[in-house]
Amino acid sequence: MNHPTFFDLIDTTFDFPQEGIDIEGEHLLFNDIDLYELVQTYGTPMRLFYLPKIGEQIKKARLWFTRAFRKYAYKGDYVYSYCTKSNHFLFTLKETLKNDAHIEVSYTYDLDIVEYLASKGLINPEEIIIIANGFKPPHYAQRIKQLFKAGFKNIIPVLDHVEELEHYMDLDTEDPLQIGIRIAAEEEPTFEFYTSRLGIRWDWIIPFYKEKIANNKKFKLVMLHFFINTGIRDSAYYWSEFSKALNMYIALRHLEPSLRYFNIGGGFPVRNSLGFKYDYEEIIDEIVSQIKTRTLAEHLPEPDIVSEFGTFTVGESGAHIFKVIGEKIQNDTETWYFIDNSIMTTLPDAWGMDQRFILLPVNKWKSPYKRVNIGGLSCDAYDYYNSEVHLNNVYLPILDKKEPLYIAFLHTGHYQDALSGFGGIKHCLIPSPQYVVVDRDPTTGELKHSLFAKHQDSQSMLKILGYV
Ligand SMILES: Cc1ncc(COP(=O)(O)O)c(C=O)c1O
């Protein structure tokens with residue numbers, strides 16, 4: 001009997017093909033990109049970005065909200081804002097802006113990006129909403145004030161701390177500065193802390209509003225923000241936090257008619273396994289339905305719903321491709337496939353947060369497979385990957401002398417560069433992989449690829465280290 005092939009394994013375990021993931025012959029297609037061909041052109045290791053996916057994700061979210069708004073005769077708007085920290089590259093921002101996203105920022109330097117985008121005519125300062133989150137050191141608050149004075153009318157610092165307001169007290173302006181308040185959410189019961197360090201504690205919000213904001217003409221409270229660390233999930237914990245935030249919105253809205261944005265933060269996941277199940281539309285339906293019901297009962301207008309999806313916007317655009325450069329069989333059951341870079345430094349989420357990604361071979365789909373551990377090049381014992389979401393193993397095609405095996409981690413577009421750094425010094429001086437960007441011709445729809453950044457070279461590291 002023939003040994004089943006890698007294709008047989010996937011075909012019998014999952015619904016396959018899936019959106020953006022298919023095969024042609026023996027090769028993996030990622031959003032129609034033949035990854036094997038791409039590897040022949042550029043080599044490995046490779047970090048890949050497929051830009052059109054960003055627009056597709058934004059459109060999907062808008063469609064789900066539109067459907068829910070129609071269903072519940074919801075009169076507020078939906079504001080899609082992109083959380084820059086999940087992927088800061090210019091090509092990413094451009095893509096989100098092409099799709100009319102607004103921007104959520106986290107630190108002073110983000111505002112330099114905002115200024116750059118305005119200088120290139122990519123955003124209109126009068127129209128774009130800039131949501132400025134995070135604990136604000138004085139220089140961050142200073143930049144917010146500068147941008148506000150320079151005409152960014154809709155820059156909204158979201159107060160993370162009651163003392164933050166002091167930073168804006170010296171603003172000399174006819175038009176009030178719009179502000180938001182972030183609620184400090186209760187953490188999941190399994191976490192080390194009860195309450196998030198981010199945001200203002202629940203019981204201080206109303207007294208703080210009454211004392212410092214209500215009668216101050218410099219400010220207009222427009223937004224209530226909450227963000228649940230563990231993401232938007234259909235769990236008792238999530239809905240309980242959601243409902244507390246909604247109650248706070250309602251209490252504040254009774255006091256402050258200018259309050260109009262209910263910001264649900266980020267937290268939409270991306271597919272991290274071929275067995276991934278998550279009903280985005282159902283969750284959005286529930287969010288909209290709850291807000292509608294509660295505000296209707298209180299005779300209040302529905303708020304505009306703001307989201308700050310980072311992972312959801314960019315995650316499914318990204319992939320990492322490696323070559324298997326050697327195999328070691330260390331005992332009767334443990335086989336290692338060594339790749340040409342490091343898991344730890346290229347996919348820090350996998351190492352640091354036990355995040356899983358969709359892992360598939362780029363070629364050899366018709367070869368038999370076996371259970372392996374994937375090892376990175378660094379000397380660190382933790383530089384490995386050996387489990388998937390649905391099972392505690394990784395299976396990949398067996399190696400042969402005909403052609404090397406390439407493997408792809410899919411849906412890695414979010415946070416990896418922000419956590420690992422792009423360039424810079426890495427564990428064991430293993431360099432950042434090259435970065436290839438794939439787009440489609442707007443008229444013909446044809447795929448076109450280009451090299452955004454070459455493999456990091458030795459000189460760039462030695463320079464940082466003081467050798468050059
Ligand atoms: C305030 C805020 N908004 C949005 C996000 C984006 O979250 P996600 O990438 O899960 O969508 C984060 C992530 O840390 C955040 O802290």
Side-chain angles (χ1 to χ4, degrees), residues 53-54 57-58 60-62 64-65 78-89 92-93 96 99 101-108 110-111 129-136 140 144 155-161 164 179-188 191 193 195-200 223-235 237-238 241-242 245 261-272 276 278 280 283-284 287 305-318 347-350 352-357 411-419:
K53 191 76 194 177
I54 294 176
Q57 294 292 92
I58 296 176
K60 271 192 226 164
R62 287 218 175 95
W64 294 323
F65 272 98
Y78 171 52
V79 180
Y80 194 105
S81 62
Y82 170 59
C83 155
T84 61
K85 74 185 124 208
S86 49
N87 186 305
H88 292 102
F89 286 98
T92 308
L93 263 294
T96 65
N99 289 281
H102 296 272
I103 297 177
E104 187 247 349
V105 299
S106 316
Y107 187 65
T108 322
D110 260 325
L111 295 174
I129 300 174
I130 309 288
I131 302 163
N133 265 313
F135 192 98
K136 319 275 186 317
Y140 185 9
I144 291 172
I155 188 162
I156 306 176
V158 176
L159 305 182
D160 192 72
H161 181 28
E164 185 184 329
I179 54 171
I181 291 180
R182 175 168 179 165
I183 301 173
E186 296 306 314
E187 300 283 13
E188 233 182 355
F191 201 52
F193 307 98
T195 308
S196 169
R197 73 176 195 286
L198 304 157
I200 298 177
M223 177 178 286
L224 187 71
H225 179 286
F226 80 108
F227 176 66
I228 303 296
N229 204 14
T230 45
I232 300 180
R233 285 183 301 161
D234 194 7
S235 65
Y237 160 68
Y238 180 77
E241 287 307 299
F242 178 86
Y261 297 118
F262 186 56
N263 187 338
I264 62 172
F268 253 9
V270 286
R271 285 176 291 157
N272 60 355
F276 178 81
Y278 186 91
Y280 296 92
I283 298 242
I284 288 175
I287 288 174
I305 302 174
V306 180
S307 68
E308 300 168 347
F309 299 141
T311 302
F312 177 80
T313 313
V314 293
E316 296 201 3
S317 318
L347 297 169
D349 267 0
M353 296 174 67
D354 209 22
Q355 274 275 354
R356 301 295 96 183
F357 300 99
H411 301 174
T412 59
H414 50 305
Y415 297 106
Q416 306 318 304
D417 315 286
L419 292 178

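What you see is a predicted model, and the numbers here were worked out from it, not measured in a lab. When a ligand or atom number is given, it counts from 1 through the structure's own listing order.
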Proximal atoms of ligand 1 relative to Asn133 (non-hydrogen, under 4.0 Å): 1 (C)
Closest protein heavy atom (residue, atom, distance) for atom 5 (C) of ligand 1: Cys83 SG, 3.6 Å
Exercise: identify the closest heavy-atom pair between Arg271 and Phe276: CG-CD2, 3.2 Å
Polar contact flag for Phe268 and ligand 1 (N/O pairs, less than 3.5 Å): no
Phe227 neighbourhood, listing ligand 1 atoms whose heavy-atom distance to it stays under 4.0 Å: 5 (C), 7 (O), 12 (C), 13 (C), 14 (O), 15 (C), 16 (O)
Protein heavy-atom partner closest to atom 16 (O) of ligand 1 - residue, atom, separation in Å: Lys85 NZ, 3.2 Å
Ligand 1 versus Glu104: contacting region, heavy-atom distance under 4.0 Å: side chain
Any Phe309 heavy atom less than 4.0 Å to ligand 1: yes
Gly267 N/O under 3.5 Å from ligand 1 N/O: yes
Heavy-atom nearest neighbour in the protein, as seen from atom 2 (C) of ligand 1, with distance rounded to 0.1 Å: Glu308 OE1, 3.5 Å
Minimum-distance pair of heavy atoms, taken over all atoms of His414 and Gly315: ND1-CA, 3.2 Å
Least distance between heavy atoms, Lys85 atom then Ser106 atom: NZ-OG, 3.2 Å
Electrostatic pair Glu164:Arg182 at N-O distance under 4.0 angstrom: no
Closest non-hydrogen atom pair between Ala61 and Tyr80, with its separation: CB-CE1, 3.7 Å
Ring geometry between Trp64 and Tyr280 (parallel below 30°, tilted from 30 to 60°, perpendicular above 60°): parallel
Proximal atoms of ligand 1 relative to Thr311 (non-hydrogen, under 4.0 Å): 8 (P), 9 (O), 10 (O), 11 (O)
Numbering as shown, the atoms of ligand 1 that approach Gly266 to under 4.0 Å (heavy-atom distance): 3 (N), 4 (C), 6 (C), 7 (O), 11 (O)
Numbered atoms of ligand 1 (with element) below 4.0 Å of Tyr415, judged on heavy atoms: 6 (C), 7 (O), 8 (P), 9 (O), 13 (C)
Main-chain N/O of Ile131 paired to Glu104 side chain as donor or acceptor, under 3.5 Å: no
Shortest non-hydrogen contact between Gly413 and Asn87, atoms and distance: O-ND2, 3.1 Å
Heavy-atom pair with the smallest gap, counting every atom of Glu187 and Phe193: CB-O, 3.2 Å
Atoms of ligand 1, numbered as shown, that sit under 4.0 Å from any heavy atom of Arg182: 1 (C)
